[in-house]
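Working notes, beginning with the structure itself.
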Amino acid sequence: MRAPVLEVKGVGFRYEDMAMEFDLAVSAGEFLALMGPSGSGKSTLLSLIAGFETPERGEILWEGRDITLLKPAERPLSIMFQDNNLFAHLDVRTNVALGIEPSARLGPKDEKRVAAALERVGLENLARRLPGELSGGERQRVALARMLVRRKPLLLLDEPFAALGPGLKKEMIALLKEIRRENGFTILLVTHDPNDARATAEQTAFMHDGRILAKRPTQEMFATTDIPELSDYLG
Amino acid sequence: MAQRHEPVNRRQGSTAAWVAAAGIAALAAVPVIALAASAGGDGGLTLGAPYIARVLRFTVLQATLSALIATALAIPLAHALAKRQRFPGRALLLKLFAVPLGLPQLVAVLGIIAVYGRQGILNDILAPVGTAEMPSVFGLQGILLAHVFFNLPLAVRFILTRLEAIPPENWRLAASLGFRSREVFRHLKWPHMRMTLPGVFALIFMLCITSFTVVLTLGGGPHATTLEVAIYQALRFDLDPALAARLAALQIALCAGLLLILQRFSMMVAMAPALRARAPRPDSGDRKGRLGDGLLILSGALFVALPIAGVVIDGLKADFLRLLGEPLLWRAAGFSLVIAVSAAGLATLAAAALASGIARSRGLKAQSLRITGNLVLLVPPLILAAGWFLILHRHLDPIALSPYAVVVINALMALPFALAVIEPSFRISFQMHDRLAASLGLEGLARFRLVEWPALRSSLALAALVAVLASLGEFGVIAFFGSQDLVTLPLLLYQRIGSYRFNDAAGIALLLLGLCLVLSWAIERRSPASLRTS
Amino acid sequence: MKRILLALVLAFAGLVPVHAQESLTIYTYESFVAEWGPGPKIKAAFEQECACTVNFVAIADGVAILNRLKLEKAESAADVVLGLDNNLVAEAKRLDLFAPHGLDASKHSAPDWRDDVFMPFDYGHFAFVYDSQAIKAPPRSLAELIDGDAPWKIIIQDPRTSTPGLGLLLWIKSVYGEKAAEAWRKLRPKILTVTPGWSEAYSLFTKGEAPMVLSYTTSPAYHLIEEKTDRYKAAEFAEGHYAQIEVAGIMKSSDHPELAKQFMRFMMGPKFQDVIPTTNWMWPAGETSKPLPKEFEQLIVPTRSLMFDPQTVAQNRRAWTDEWLNATSQ
């Protein structure tokens, strides 16, 4: 087993009346699916890693370095949500450019990077469009392009395919896998759909009630029978 | 392939909007036409008279300045309030911001005098310091001061509601992408503010166009005359309803033009359903910013609270033991409530119908719905009352009808307020849910109950509140119909002044103020927690 | 809470008007029927006498009453109209809606008035009321007010929107005639503001914004009687004071002409007139049963009463208002 690149150690967090406690280790280049019923703490775990929430105790390490108290922008990661990943009044090119420079004013070299990223996700012709003029799948691909230009090694994906139809979802997953191969990203994917996990992830963690109950290779996880919560969840 | 976001069921559900629009237009236009067609007065004054030109110039000047100042000041203030979600007194402050709208103009003028007047608080503070006296409040500066007092809180509430509706995901992205406060403003807040600013500006502009008591009382002389005064003059002293109707039409045309121009600056931000989650505020960080925001909020609070405090202090002089023992006072309070609540209900309903129609249409159709909803504000209540009276008095007993007429006219007056609050929310909700709702075959009332109502409850509540307050302070219409049984608080207040009972009047003003606060508290308590002002 | 509910219920109940069998409908102005006004007492007194119901319709003010009549014409529900003033009767007569009142047109104490259709029930004179704590030497004439160099300012009302405002316009016109515009130009710098109505002006005055306000000679009586203070006084002007005479008339279309006539007789008698001084704060025009309250003796009584005849006012009001506008607007 490779040395872990991301470690979540004894991270405790309380949201309303739910106490959560997370322990997780992810190795470099791993594609990890986070599964579990609604309210099991999947998105909260991503928020803690991303820095939107601060743990009450415990620490989060990246390559052995403590990043628990860093600002979101200082962490080595990019994040993508189910919706609202784009700023609605800015065109596609600018939304991607924000990944390089918050003012979105770029030099020619960076402009080329933006163009290349858009080409990579197949949206080179839509650079001037506003998000409202795109389909749901296209919007998510813009967000993906922005992750590309950001060049952060860790991608946090919070149910990014949930609003997409089966065809679009398949396309997105294929694209995501290619991009990961090309860039060596480490990926955490929150999903509800076992098929998503099967199609993408080497490893799957199952969460329940604010805890990570198990983390195993994906195939193994779906064959597991010793975790009653998982059996209930998969039905 | 890119697919443009096309509303799926554009025709369905906008029937209600067109019915509402037709009803509103008829209610407002029929009296104007009836009066315009009636026998004229001495014909001494025409639309082209230099007098009217002068009045028109001043009307536009003061309304433009008032709306510009109020909007410009509301932007930083709302911005600071959006950043500072938690400080003691925030909820109370926002409730206080609802008060000016519910005050009769005379009461607000007296509150302003209590602060900025010759014997006002500011001069009391300045006098011992030996500084020169405050500049007089009488003149254009006084008009602007009063108009900003009335409208700044309104504008702040509108802009703040919009800012608080920014999806948390966007805040998280901003944090993740390392936005500094400049970028947060440019990419997040400004686009959302821009969505509401043209509407806010237009509403304030129209309110100031129709301002009457403030303009004459604080204006300092007859050079400060608005079209509304000229209409009043034509209708009353010149006994020339035809001219009054023509002037009202001029006023309407003026503002319709403005609305069309502002339309070009309006922009819609498309949004998806938002997370229900807390989001980091990368803009709320440093101490310097906190101090600046604190000062800004404090000045805004003082600006609004001081005249209100003036009204309170004045009101405490009243003999409440006697006043509260008067059955008439309770009856007046009851009438005020019944009328304001019924009018607000009607106005909110009509605004909802219009807003859902606007959300579903584009271009000319959306614009004509919007303009219909807004322009009723410009038909002076007296014209509505006189026109309908002219048509109906032969067939119906006007006195028996008057309570209902008062409710309908107040509802028309409150409609633009309600519309300004809910229109953006309807547009967003429509964008978010329309396709899904259409795909599920949700239509009509079922759709409203399942889709729009849960999403829009809080803005409907705010709309209702604004409409209640807007009709609470109104009194001109009641006085027109005249019935000894029908007395509202503002009318009672004027009656007491008319019999030299200034302390009673001040006490009633205080009660009215209290009523505004109670209503503001009661209505907002019912809105979902996520948008509550705390 | 219960009281509020009760009030709401009462309010709803009040939405439905009650109709008695024999009723006299009287159009009058708002403040007349306010419970501090003369209305309630007069209604009670007359109902005792006539075994009928008095139904007041309270319309904002005299001008609004006239407008209402213009809209309704002969279909008006009014039997009696009470509260037009000397400046409105010419217009009212032109409507041809009123019948002769049948009383002795000379049996009243209002100045310079004799009319078969409109009978005066009270009268007063416009005057500048001042705060004696702020002004020690008030002007003794209109000329002194206009030409003097006193540092303080006055509050007046707008002739386009209010009765006292029109009163001052006519007052200055009656004293200065052709030179009225010049007089207004000289007065202009002394005017703090021009309010839409009496309520705003007098409120600002009592708040101390200006030490002098256009009101009535009878205003100090209120402060004397109700507030026990002689701080507020009316300045007596040597040129005389402009009169306001409030009148009532019977509608031709009345279904109860006899009852209406009975009311007019009642109006000129003590039961009506006794109420007027301390509720309407005007001088009674008919006969009272007892002397006026002693505080009325402290009021100034103009040596000259000024008044244009109604026809002249009706013909010139527009031109004179324009003259005023031009003189004060620049």
Side-chain angles (χ1 to χ4, degrees), chain B residues 42 44-45 51 54 106 109-110 113-114 117-119 136 138 212-213 216-223 229 232-233 235-239 326-328 330-331 333-335 337-338 386 389-390 393-394 397 399-400 403 479-480 482-486 491 494-502 505, chain C residues 3-4 6-8 10-12 14-17 30-31 33-37 39 56-60 63-64 66-68 70-72 75 77 91 158 160-161 188 191-196 198-200 202-204 206-209 219 222-223 226 279 281 317-318 322 324-325 328-330:
Chain B
D42 54 11
L45 197 59
Y51 169 64
R54 213 163 58 209
L106 173 57
V109 166
L110 294 179
I113 293 289
R118 224 168 59 92
Q119 309 280 338
S136 166
F138 297 95
F212 184 94
T213 303
L216 278 187
T217 306
L218 292 176
H223 59 277
V229 177
Y232 188 79
Q233 179 191 0
L235 198 58
R236 289 169 40 89
F237 265 49
D238 298 339
L239 303 167
E326 288 180 27
L328 186 64
W330 289 99
R331 243 165 62 100
F335 262 130
L337 262 181
V338 169
F389 188 89
L390 182 69
H393 79 270
R394 257 173 268 256
D397 176 6
I399 294 164
F480 175 87
S483 147
Q484 55 185 353
D485 299 319
L486 200 64
L491 192 59
Y494 265 90
Q495 281 185 355
R496 292 298 158 97
I497 291 179
S499 349
Y500 293 87
R501 315 233 161 217
F502 295 98
Chain C
R3 290 194 80 164
I4 297 176
L6 188 69
L8 282 174
L10 280 176
F12 268 120
L15 293 178
V16 184
E30 190 62 57
S31 64
V33 301
E35 90 274 43
W36 293 104
F56 279 124
V57 175
I59 301 163
V63 184
L66 186 56
N67 277 328
R68 171 68 72 92
K70 277 191 83 165
L71 292 175
E72 293 180 335
E75 287 142 9
E91 195 82 47
D158 197 315
R160 293 171 296 173
T161 51
R188 203 184 68 216
I191 299 171
L192 179 69
T193 195
V194 184
T195 68
W198 180 89
S199 298
E200 292 82 8
Y202 216 81
S203 296
L204 291 179
T206 54
K207 287 264 177 302
E209 279 308 299
S219 296
Y222 173 81
H223 300 287
E226 297 287 337
T279 54
W281 304 101
R317 196 174 39 97
R318 145 98 19 230
D322 284 346
W324 170 82
L325 266 175
T328 52
S329 284
Q330 276 99 46

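Residue numbers begin at 1 in each chain, while the letters A, B, ... track the order of the sequences.
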Subject >> Contact class of B:Arg496 relative to chain C, heavy atoms under 4.5 angstrom >> reply: side chain
Subject >> For chain B, the option from C:Thr195, C:Thr161, C:Leu204, C:Thr279 that forms the most heavy-atom pairs under 4.5 Å >> reply: C:Thr161
Original post:
Is chain C contacted by the side chain of B:Leu106, its backbone, both, or neither, given a heavy-atom distance below 4.5 Å?
Top reply: side chain
Subject >> Any residue meeting salt bridge (Lys or Arg N to Asp or Glu O under 4.0 Å) with C:Arg160, in chain and number order, not counting sequence neighbours >> reply: C:Asp158
**OP:** Please state whether the side chain, the backbone, both or neither of C:Thr206 comes within less than 4.5 Å of a heavy atom of chain B.
**Re:** side chain
Original post:
With sequence neighbours excluded, what pairs up with C:Ser219 under the side-chain hydrogen bond (donor to acceptor under 3.5 Å, both in side chains) test?
Top reply: B:Tyr500, C:Ser215
**OP:** Using the side chain to side chain contact (heavy atoms under 4.5 Å, CB included) rule, pick out the option among B:Leu218, B:Leu110, B:Thr213 that qualifies with C:Glu200.
**Re:** B:Thr213
Original post:
Looking at side-chain heavy atoms only, is the closest gap between C:Lys207 and B:Phe502 below 4.5 Å?
Top reply: no
Subject >> Taking every non-hydrogen atom, the tightest pair across B:Pro222 and C:Leu325 >> reply: CB-CD2, 3.7 Å
**OP:** Would you check if the side chain of C:Glu209 reaches a backbone N or O of B:Arg118 as a donor-acceptor pair within less than 3.5 Å?
**Re:** yes
Subject >> Heavy-atom side-chain proximity of C:Glu30 to B:Gln495 below 4.5 angstrom >> reply: yes
Original post:
Which pair of heavy atoms, one from C:Trp198 and one from B:Ile497, lies closest together, and at what distance?
Top reply: CZ3-O, 3.2 Å
Original post:
So, for C:Leu71 and B:Ala386, which heavy atoms are closest and what is the spacing to 0.1 Å?
Top reply: CD1-O, 4.0 Å
Original post:
Side chain, backbone, both or neither: which part of C:Tyr202 has a heavy atom under 4.5 Å from chain B?
Top reply: both
Subject >> OH on B:Tyr51 to CG on C:Asp322, rounded to 0.5 Å >> reply: 8.0 Å
**OP:** State, with a plain yes or no, whether a side-chain heavy atom of B:Phe389 is found less than 4.5 Å away from one of C:Asn67.
**Re:** no
**OP:** Over all heavy atoms of both residues, which pair between C:Pro196 and B:Thr217 is shortest? Give the atoms and the distance, please.
**Re:** CD-OG1, 3.2 Å
